[in-house]
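Scope of the values below: all heavy atoms of this structure, side chains included, with no hydrogens, waters or symmetry mates. These numbers were taken from a predicted model, which means no experiment stands behind them. Both ligands and their constituent atoms are indexed starting at 1 by order of listing.
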Amino acid sequence: MAAAAHRYACQSCGATAPKWSGRCEACGEWNTIVEEVPREAAPKGLGRGAGRKIELVAIQQAGPEPARIVTRIGELDRVFGGGLVEGSTILVAGDPGIGKSTLLLQAAAALARDGRTCVYVSGEESAEQVRLRARRLGLGDAPVLFAAATSVRDVLATLDSSDRPDAVVVDSIQTMYVDSLDSAPGSVAQVRASAHELIRFAKRRGAVLLLVGHVTKDGQIAGPRVLEHMVDTVLYFEGERSHQFRILRAVKNRFGATDEIGVFEMTDSGLNEVPNPSALFLGERDRDASGAAVFAGVEGSRPVLVEIQALVAPSSLATPRRAVVGSDSARLAMVMAVLDARCGLALGGNDVYLNVAGGLRISEPAADLAVAAALVSSLTGTPVPANTVVFGEVGLSGEVRQVGQADMRLKEAAKLGFAKALIPRRKSSGKSAGATPLEVAEVDRLSDLVDRLGGDRGRGA
Ligand code: TYD
Ligand code: MG
């Protein structure tokens with residue numbers, strides 16, 4: 001019995017094993033297995049044979065649409081899927097220092113000012129520190145209730161002894177611990193158990209639970225990916241520390257669209273909403289430079305224009321350098337291979353750098369054509385015509401494919417003063433080019449784009 005109590009858990013994927021080993025069998029990570037020793041007594045309420053009869057309810061009569069609690073911070077509410085849903089749990093993950101505490105304090109203050117009961121529990125900062133921060137953010141008057149605590153038992157006892165809070169912020173889940181486990185706060189077992197208890201509370205009382213989670217260097221929510229499965233919504237708060245832009249991205253949402261983004265700007269007085277991110281991302285653009293193309297993208301439900309920059313330069317290395325910021329290196333490699341094999345552009349001997357300006361991350365295949373345009377433009381020294389937006393997916397045989405929401409992309413471009421668009425050929429569904437407010441050039445094949453950008457020079461040489 002005592003021997004069976006020992007078990008070993010992987011700190012990376014959460015898998016458990018009966019004995020220690022250097023490498024986790026489940027995820028293949030090295031040195032991540034740690035012993036977990038449960039206390040003698042089983043956790044309260046788990047007695048054998050003491051199961052309680054659960055009431056079964058019919059789904060179709062489960063009531064009206066869940067009520068949404070709005071913070072009135074528009075960028076935030078949209079990422080939540082139109083507001084917070086009672087009883088749901090939201091994980092806000094991000095690098096240390098990116099602004100998670102600031103964002104959630106602002107959200108809590110907004111709710112509290114609206115007459116909601118909001119509790120902010122911090123395991124990282126003292127009441128004095130948080131009070132100072134609130135004052136600096138101009139939120140000194142917001143009636144947010146604060147507690148500095150790390151014991152989940154204490155937190156739950158406190159919350160249960162008072163009226164139902166509308167929202168509870170726990171900053172961060174890595175600092176919380178349940179005393180029935182011996183492992184240290186921040187370990188998989190503790191994070192999982194703490195989150196489990198807190199989520200149970202939220203469901204039981206119908207409160208919104210907002211958990212802060214730190215991310216490790218390789219971009220995972222510290223240690224346990226398991227948290228992602230337990231919560232209703234996972235939001236990543238991203239951005240370059242050196243940029244003032246911050247992007248809140250929904251990667252999972254049971255109550256809204258994923259891939260929705262909210263854009264904020266970090267200022268001296270906290271995070272400000274950026275309702276028109278395209279204008280911001282294009283703000284510092286050099287219109288006549290070669291090696292840049294404006295991509296008309298769609299993030300969630302919203303069009304976003306960004307500049308894609310490329311630098312192609314002869315390499316002195318045996319294996320030329322490829323560096324990508326803000327995009328996917330596999331897609332860059334594919335676009336380069338198609339330019340090489342289908343358009344005769346020899347990029348192989350060059351160092352290639354690709355950058356998405358402004359700190360945004362792009363994952364849409366629709367960016368292929370803009371990436372190609374930036375590459376060709378850099379190679380030939382011909383700027384992509386000013387006031388032109390580009391989008392389209394590139395296929396392996398060199399064809400340019402249609403992408404979704406073309407009209408939305410074109411409309412956003414027109415709104416921002418763009419006059420031309422390079423896009424995939426549209427199906428002749430009677431939609432005339434005159435229907436869009438832009439001058440549209442449709443390209444069938446990647447080689448058409450190369451010809452437009454003076455690709456002959458790149459080819460021959
Ligand atoms: P913080 O919210 O503490 O980050 P996290 O909780 O994700 O670790 O904020 C971190 C940084 O934000 C900090 O380095 C200072 C900066 N900051 C501002 O620039 N302006 C502000 O008004 C605040 C509160 C913070
Ligand atoms: Mg913090």
Side-chain angles (χ1 to χ4, degrees), residues 71 73 75-76 79-80 89-113 118-142 144-150 152 155 167-177 185-186 190-191 194-195 198 208-224 227-228 231 233-251 261-274 280 358-359 361:
T71 60
I73 303 176
E75 292 291 298
L76 195 57
V79 177
F80 288 145
T89 302
I90 295 119
L91 173 67
V92 179
D95 291 328
I98 205 74
K100 301 180 293 298
S101 304
T102 309
L103 180 70
L104 289 180
L105 186 60
Q106 286 182 252
L111 290 172
R113 276 180 175 165
C118 240
V119 181
Y120 193 108
V121 180
S122 179
E124 302 193 344
E125 289 163 298
S126 68
E128 198 44 45
Q129 280 173 305
V130 173
R131 215 172 276 139
L132 267 173
R133 180 194 301 240
R135 200 173 308 147
R136 197 148 49 83
L137 295 172
L139 306 171
D141 62 320
V144 177
L145 299 167
F146 178 85
T150 53
V152 172
V155 171
V168 180
V169 178
V170 175
D171 186 1
S172 64
I173 190 66
Q174 275 94 8
T175 57
M176 297 293 142
Y177 75 95
Q190 282 293 2
V191 167
S194 304
L198 290 164
V208 177
L209 175 65
L210 293 142
L211 298 176
V212 172
H214 292 299
V215 161
T216 53
K217 270 186 249 107
D218 43 4
Q220 297 201 336
I221 297 173
L227 261 190
E228 296 200 7
V231 302
T233 302
V234 180
L235 309 178
Y236 275 85
F237 203 35
E238 324 170 316
E240 299 289 322
R241 205 86 60 87
S242 48
H243 274 113
Q244 71 271 39
F245 318 130
R246 299 282 183 272
I247 291 155
L248 187 68
R249 182 187 295 277
V251 293
I261 64 167
V263 183
F264 298 88
E265 194 179 0
M266 182 59 104
T267 66
D268 291 344
S269 53
L271 291 154
N272 289 344
E273 290 182 73
V274 178
L280 181 101
R361 258 204 80 79

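- Relative orientation of the F237 and F264 rings is perpendicular, given thresholds of 30° and 60° on the angle between their planes.
- Heavy atoms of D268 found under 4.0 angstrom from ligand 1 belong exclusively to the backbone.
- Atom 6 (O) of ligand 1 has as its closest protein heavy atom S101 OG, 2.6 Å.
- A side-chain donor-acceptor contact under 3.5 Å links Q129 to the backbone of S126.
- Residue G99 has at least one N or O atom closer than 3.5 Å to an N or O atom of ligand 1.
- The backbone of T267, and not its side chain, has at least one atom closer than 4.0 Å to an atom of ligand 1 (non-hydrogen atoms only; backbone = N, CA, C, O).
- For atom 10 (C) of ligand 1, the nearest non-hydrogen atom of the protein is G97 O, 3.2 Å.
- Considering backbone and side-chain atoms alike, P96 places every N or O at 3.5 Å or more from each N or O of ligand 1.
- Here the closest heavy-atom approach between residue G138 and residue R113 is recorded as O-NH2, 3.0 Å.
- Within a 4.0 Å radius of atom 13 (C) of ligand 1, the protein contributes no non-hydrogen atoms.
- Within a 4.0 Å radius of atom 24 (C) of ligand 1, the protein has at least one heavy atom.
- Using a 4.5 Å heavy-atom threshold, the side chains of M266 and T102 count as touching.
- Taking 4.5 Å as the limit, every side-chain heavy atom of L103 sits out of range of all side-chain heavy atoms of I98.
- Near L137, meaning under 4.0 Å from one of its heavy atoms, ligand 1 places the atoms 22 (O), 24 (C).
- Counting only heavy atoms of the protein, atom 2 (O) of ligand 1 lies nearest to T102 OG1, 2.6 Å.
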Decide side-chain contact (heavy atoms from CB on, under 4.5 Å) for L105 and F146; before the verdict, give the C-alpha distance in whole Å, the side-chain angles of both, and the deciding distance to 0.1 Å. CA-CA 10 Å; L105 186 60; F146 178 85; over 6 Å; no
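- Note on the Mg ion (ligand 2): protein N, O or S atoms under 2.8 Å away count 1, no waters included.
- Using a 4.0 Å cutoff on heavy atoms, G94 does not count as a contact of ligand 1.
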_Full working for side-chain contact (heavy atoms from CB on, under 4.5 Å) between L227 and I173_ = CA-CA 10 Å; L227 261 190; I173 190 66; 3.8 Å; yes
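- The two residues L210 and F80 make their nearest non-hydrogen contact at CD2-CZ, 4.2 Å.
- With sequence neighbours excluded, the residues satisfying side-chain contact (heavy atoms from CB on, under 4.5 Å) with E238 are Y236, I247, R249.
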What verdict does the side-chain contact (heavy atoms from CB on, under 4.5 Å) test give for M176 and V121, after you've listed the backbone C-alpha separation in whole Å, the side-chain angles of each residue and the deciding distance to 0.1 Å? CA-CA 10 Å; M176 297 293 142; V121 180; 4.1 Å; yes
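- Using a 4.0 Å cut-off between a side-chain N of Lys or Arg and a carboxylate O of Asp or Glu, D268 and R136 do not qualify as a salt bridge.
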- Trace of the side-chain contact (heavy atoms from CB on, under 4.5 Å) decision for E75 with L271: CA-CA 11 Å; E75 292 291 298; L271 291 154; over 6 Å; no
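- Distance from atom 19 (O) of ligand 1 to its nearest protein heavy atom, with residue and atom name: M266 CG, 3.5 Å.
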